[in-house]
Amino acid sequence: MKDNVILKVYKYFLPSAWKRYKGYFIIRFLRLIVNTITPFVPILFMPRIVDELVGNRDVKLITTYVLVIIISEYILGMLNGLFGNILERYSLKFENYYTSLMSARIMEVDFQLTEDKKALDQIELAKNGMSWYSGGLNGIVEPLFNMATSLFTVVGVVVIIAGQAPFILLITLILLVLSARLNKRMNEIEQETYANLSNINRVFSYMGWELTDFRYGKDIRLYGAKEMMLNKWKDYSNMFVGMWGELSHKLISLRLLLMIVDVIRDFGIYFYVGVLSIFGKITIGVTTQMFTAAGTFYNSMRNLVMGYQDLYKRANYANEYVKFMDYPAAIQKGTKSVGDGPHTFEFKNMSFSYPGSDVEVLKNINLTLTPGEHLSIVGLNGAGKTTLVKLLCRLYDPTEGTIYMDGVDIREYDYEQYMNVFAPVFQDFKLFAFSMKENVLIQDEATSEHEREVEEVLDKVGLTEKLATLSKGVDTYVFKHFEEDGIEPSGGEQQKLAIARALHKNAPVVILDEPTAALDPMAEYEIYRQFNDLVDERTAIYISHRLSSCQFCDRIAVFSDKEIKEYGTHAELVNKKNGIYAEMFAAQAQYYQV
């Protein structure tokens, strides 16, 4: 199983890393050579210096050996430092590269996974697993090269030790087994703790960073929420620190045992080599050589064994990234191409419950939306209006029943092509902290013709006067995250900008899901009137609590108790005795009558 995890991670990362940054692996190989040579310089030359000092005392020869050691270690150290700096830069490049891939993946996963706790935990595991837990690609590749360095070093040192003090090898190997078992247990404890940290990390991140967003500023100040926020931060900080403290408590006894094993090893080797030296089996120079070689052998063997354990641990962390990148789709996706022109939609015996819940949000919905039809959906909060639109846009799939487009189950269509059919403005729409132009176009580069299109559509939604006050025009940034002269648009201005974005997409179906809640009734009426004219022959769905928008629509669907209770024209429904729509319309109309 261990090998499978390591091979799986390497199979995923190495091909793309090699293709993108071959220089990284070349530098890694050169550093391997340098690190392999480095320990042999003192091992080979220090005994010669010692024997010469207690023997002939040839100053010229001693000086030569010293210079060889100094120059060699200087050159090798300089190369090692140089290669290390280059690898650090590559490490940052890899971090940015794989973070960008993960960001792209997060933005393309099925929408319902963004509300799934299991998926959110996996995202958190992936983020941390590919960063400071595994050290990123550099972190999972480095142990492999370190193990290769250790292997070459072990081979060389064994040749040196075997001819002079072979029992060093036996002593080292026995105690190394004990160290490896202790280190293995430490790694298991760390991984167990890591698995439990994902949920706390998400809460910790929310409390520590997201709540400092200026969007919460008014509510925090006006409701005196600072103390509550700080106390929650302290509570979760204590919980977070407590888990790391518990981890340290579990590891401390194992670390003490590792230190005891090292002491026993050093005592055994020094005693054995000392006896050989006292009885004249080896020279003083070889004695120092054996001490140095024994330390090098032990460290190399330990690096070899524990490097593999470290590699396995890091591979498991990095594997969380692989798991997320291969996370299974939540909804079925087909390959059928979406044809041009207007479309007919049909909800047939459709019911829906949110994933992980048995409570039906919609049940037995039957509804047909013909090309060019303008449909108004009304009902109380929680009636399922927005959910219906999410299902139509394939943010979710029905639990029961089917949605058809042009007589074909929408699950059979190419997902991206199908999404392009819709231009929705949801009640919880989001604007980006980019320029107004980018918020409308949703693209980086724009021509002068694009700018004219943006200005035209902003004019259509009533933002011309606002635009005239901006020195940078459509290039003005929305919000002040990146530009000091960015604007903080009012709620109504943000909604108009979101509507402009939907209009510019020029999709066959346009959806307004209560996006004008921040506007006064007259302004909303004007927006809907203009929007109805702008939509023209395109299919449109309107959702609003204010029933004035219904008068622009061909049909009205009244939702109640998770079902469509009434369906018809405004004239038909407003005159229906004891009808839900009639009562809602009358209740709102009284506030506008003198």
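Only this structure's heavy atoms are used, side chains among them; waters, hydrogens and symmetry mates stay out. Throughout, residue positions are numbered sequentially from 1 according to the sequence presented.
- The salt bridge (charged side-chain N to carboxylate O under 4.0 Å, His left out) test applied to K333 returns D110, not counting sequence neighbours.
- In this pair, F345 and F422 present their aromatic rings tilted. The plane angle is within the 30 to 60° band.
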Sequence neighbours left out, cut at 3.5 Å: what donor-acceptor pairs do the side chains of residues 399-406 make with other protein atoms?
residue: T399; atom: OG1; partner: S353; partner atom: N; Å: 2.8
residue: T399; atom: OG1; partner: S353; partner atom: O; Å: 3.3
residue: D406; atom: OD1; partner: T344; partner atom: N; Å: 2.9
residue: D406; atom: OD2; partner: H343; partner atom: ND1; Å: 2.7

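- Classification of K496 and E493 as a salt-bridged pair fails, no side-chain N sitting under 4.0 Å from a carboxylate O.
- Other residues, nucleotides and ligands contribute over 12 non-hydrogen atoms within 6.0 Å of the NZ atom of K480.
- For K336, the NZ atom sits in a loose shell: 12 or fewer heavy atoms of surrounding residues, nucleotides or ligands are nearer than 6.0 Å.
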**Study point:** Stepwise ring pair (Phe, Tyr, Trp, His ring centres under 6.0 Å) test for F479 and F432
**Key:** CA-CA 8 Å; F479 311 124; F432 304 106; 9.9 Å; no
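- Using a 4.0 Å cut-off between charged nitrogen and carboxylate oxygen, D116 and K118 do not count as a salt-bridge pair.
- When the side-chain hydrogen bond (donor to acceptor under 3.5 Å, both in side chains) test is applied to D459, the partners found at least two apart in sequence or on another chain are T464.
- Within 6.0 Å of the CD atom in E449, the count of heavy atoms belonging to other residues, nucleotides or ligands does not exceed 12.
- Heavy-atom neighbours of E416 CD from other residues, nucleotides or ligands within 6.0 Å: at or below the threshold of 12.
- Within 6.0 Å of atom CD in E537, 12 or fewer heavy atoms from other residues, nucleotides or ligands are found, so the atom counts as exposed in its surroundings.
- The 12-atom threshold is not exceeded at CG of D340, counting heavy atoms of other residues, nucleotides or ligands nearer than 6.0 Å.
- Looking at K437 and D475, a side-chain N of the basic residue comes within less than 4.0 Å of a carboxylate O on the acidic one, giving a salt bridge.
- Listed by first and then second residue, the side-chain hydrogen bond (donor to acceptor under 3.5 Å, both in side chains) pairs that reach into residues 354-365 are Y354-T387, sequence neighbours excluded.
- Aromatic pair Y396/F352: centroids less than 6.0 angstrom apart.
- Among L375, V389, T539, the single residue meeting the side-chain contact (heavy atoms from CB on, under 4.5 Å) criterion with I511 is V389.
- With sequence neighbours excluded, no residue forms a side-chain hydrogen bond (donor to acceptor under 3.5 Å, both in side chains) with D414.
- By the 6.0 Å contact criterion, NZ on K348 is open, its count of non-hydrogen atoms from other residues, nucleotides or ligands being 12 or less.
- A salt bridge links R394 to D397: one of the charged nitrogens lies within less than 4.0 Å of a carboxylate oxygen.
- In this view, N96 satisfies the side-chain hydrogen bond (donor to acceptor under 3.5 Å, both in side chains) rule with no residue, not counting sequence neighbours.
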